[in-house]
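What follows is a short report on a single structure.
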Amino acid sequence: MMRVIRFFLLVLLALAPLCGAAHAADDFQTLLAQLASDDFDAKAAAIRALGALGDPRAVRVLEALSSDGLYTTSDHKVVIAVESGDGYALTDPIDGKSLGTVTSDAVDQVMVNNSLRSDVESALAGLMLFSPRREDRQRAANDALKHPAPGRIPGLKKALAAEQDDEVRGTLRKALAAAQLSSTDKSEQLAAIATLSDSTSPEIYNLLAERRNASNLDPAVEKALDAELHAIAQRIRIIGFAATLFEGLSLGSILLLAAIGLAITFGVMGVINMAHGEMIMLGAYATYVVQQLFGAFLPPQWLDAYLVAAVPVAFVVTALVGVALERGIIRFLYGRPLETLLATWGVSLVLQQLVRTIFGAPNKEVGNPAWMTGGISLPGGVFLTWNRLVIMAFCFVVLGLLALVLRRTRFGLHMRAVTQNRDMAAAMGIPTARVDALTFGLGSGIAGIAGVALSQIGNVSPNLGGIYIVDSFMVVVFGGVGSLLGTLAGAMTLGIVNKLLEPVAGAVLGKVVVLVAIILFIQKRPRGLFALKGRVAES
Amino acid sequence: MRLRNIAKALVLAGTVLGTAPFAPAQADDVIKIGVLHSLSGTMAISESTLKDTVLMMVDDLNKHGGLLGKKVEAVVVDPASNWPLFAEKARELLEKDKVAVVFGCWTSVSRKSVLPVFEELNGLLFYPVQYEGEESSNNVFYTGAAPNQQAIPAVEYLMSKEGGEAKRWVLEGTDYVYPRTTNKILRAFLHSKGVSDADIMENYTPFGFSDWQTEVAAIKKFASAGKKTAVVSTINGDANVPFYKELANQGVKATDIPVVAFSVGEQELSGIDTKNLVGHLAAWNYFESVKNPTNAAFIKQWHTFIKDDKRVTNDPMEATYIGFKMWTQAVLQAGTTDVDAVRQAMYGQTVKAPSGFTVVMNTNHHLSKPVMIGEIRPDGQFDVVWKTKRTIKADAWSPYLAEDKGKVADWTFPWVCGNCTEPKYKAYAN
């Protein structure tokens, strides 16, 4: 019975704004108190009623509610609270006055869950169609497009008339058309379909398809809908293919980053380095340490720059480990590939356990800096994330720099000389032992840089290296041992093929198919895509 | 006189020290328990914490005088995330170290690997992790959730008005026995609620999968069909971090497409930046954020033992706590660590759990536990948005699967069976 009465009260409250502005203040306060209720339905109703109230103070309250900033005090007063020091700074939502600071036990958070949060979103969207801020209006227009309802038509028409910004106008016009689709007037329907005609979004496709399935449509409308649906489906297919290509290139760039270091240690020097993955892992942990140091010693506005600082740090750390590894173990094993394989595998286990002992087994959190979070939304529901775009660019920069070092520097010349003919290089006075150590250091350092990039998309855990070692060898072998260009081509091909197969065969089967295809390819061309030619390659 | 006092003191000290590490070889004075959790390899992330939990409980027990007047000693082995090695180490614990009980395993495949060993040697295993059910061994006590204590209530919540009335379902999982079985049960359950196959998308990825672009894009596409969509994730281990990162970066918000996970808890979130994941859900029987005196004491005990106030507690830790407490109670009640006697004493054993509820061990070797749904908070903890009013009894066999029809797990007379459609001692029963 109580619930029924309360529901009636709420309905009355929701209708109250129609009765005149004088009551609005009281309604606002009652609804505010209702927000703190334990009853889910009452809360939801209060949110909707607040949205319909048209009171600017409601925006503040709803925003606080959705960001967990609405609290109740011990005397059941609803307040907006912001954490400050050990306690909370309180603000009165009714008049916006400060209510001082209290300890955290003195206030209780007003709980919201997903479904309430989405209620708040649509309530805010209704209020924000007329907000002075452009992004608020854009958000509100997007929301209206997502949830078209005939009830929204008058509001949208009013907003469209007042709107100056072109982009917001475009969205509003579409939202209005989407709401008018189910209109009873034939010409209005046709106009709505025409407005939506240049669309590429799957949402609008589904909206039109749903409309198409409705009974007793006018033949002209039916024809327009059919043509429209066909055109949109065509566009979505093309965009979808482009998106798959992007995903493939992105995966390829990650494979490439992981494999470049190996292309040097394995490809150029011929060392089967099973500890390559652990160099990537060390680079990722170096990133983590740099992040922690930035957090501890530098002002917060510098924190986002940690990633840039981590690149040289990771390079130096892993290069040093690489040089130590070469001088300490690998140099005694040149020409004995099986023993090298076993020794480096042992080293990889030691490094893993070392990191586990120092940092602990759980994953470490490496945050994306703000400039790498989110992404750009393209038409057709395609979303390019910043972290992948940055990693792609970064990967090509690293590859370019490496090519420069190899082709244009004295060290690069020595390196190539030692690779091609060790004895002759030594006879020419090149310190081959030092070149070996530096080459291995360079390869390891680049693996470390890869670790910096990979920490942005995956886990930072002691097992990080294991994930990439097989893929790295696959890329280098497939692309052709000893060829940087081959590594590039190999990585991109594998990335794209993987992504083309994934939707068809599933991620598990896709990987199997790729592996089998590579084995068959290697049977046909044992030296990979870009085989080195000439006497060197034969020896 | 004084000399006699000194002698007395010496004798006394001797008896006290007799149980201490000076004489670990004397098997009569110690009760050995085995800890079989991976301390290296992929599962070390989750399992090493459970090893510490058992050690914490042992430490606490010894501080309070041990068990049956004896000191308890933990024998820790490392099966290294290697499934066959689990069986080898289990045999070593039971045959060589002669442990009274083993606390261990995380993945279902490791449990399946040790099961024949425990049955052959009549050992006792406490398994503390939520799993797919479809099992009830006389030698295992399952203190984690069965599907009806986690997966089914989570889906029911998302179907409810409060949970957002989801109509379309994405079942996203890692490719092995737990996700596949759970999703089979969920699909049968969704059918029983009138959801058609067109509204269910099922997808699997390998362990440690890291490139989620295609999968997340596919989820977004599936969700654009107009009906409210929810994702049920049985993704396990490391693969969760890149999955959630991709979700956040592609702007999938919990208000649009909520993701409910069964293997993501406080421990897993401590490796992720959770600011963009607020509102995504997890279903467990315990959350660290639950407020009650038992939980406060549990968290304090953990922080004191591990000497780090930042370490979180989670559901499998609570399940380990419950299992350990129940075992000590059963040993006290039986007056011995003999497996058969302890097993009989286990049935009906109750523990006041950190979840705030009193949990009971049933004759199907599973617990009655509460179910809670939590939403991720910006600080990596969970807000409990829904929980059962009382504890729910675990079903070892799912009532939603046709092949499980009529199967009963009950290890007391007249059934005495974990997988039967008829009581073993039917002739004697009435």
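Per chain, numbering begins at 1; letters A, B, ... match sequence-line order. Just so it is clear, the values below take in all heavy atoms, side chains as well, and ignore hydrogens, waters and symmetry mates.
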At a 4.5 Å cut-off on heavy atoms, which part of [X] comes close to chain A: side chain, backbone, both, or neither?
{"X": "E246(B)", "value": "side chain"}
{"X": "A223(B)", "value": "neither"}
{"X": "W212(B)", "value": "backbone"}
{"X": "N240(B)", "value": "neither"}
{"X": "F209(B)", "value": "side chain"}
{"X": "K253(B)", "value": "side chain"}
{"X": "D211(B)", "value": "both"}

Using modelled atom types only, decide if a donor and an acceptor are shared between the side chain of S289(B) and the backbone of F382(B) within a distance under 3.5 Å.
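Confirmed, S289(B) side chain pairs with F382(B) backbone.
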Distance-only, no hydrogens or angles: does the K43(A) side chain make a donor-acceptor pair with backbone N or O of V112(A) under 3.5 Å?
no
Residue [X] versus chain B: region with a heavy atom under 4.5 Å:
{"X": "I254(A)", "value": "side chain"}
{"X": "E247(A)", "value": "both"}
{"X": "I467(A)", "value": "side chain"}
{"X": "N113(A)", "value": "both"}

Check whether any side-chain heavy atom of F222(B) lies under 4.5 Å from a side-chain heavy atom of M201(B), and answer yes or no.
yes
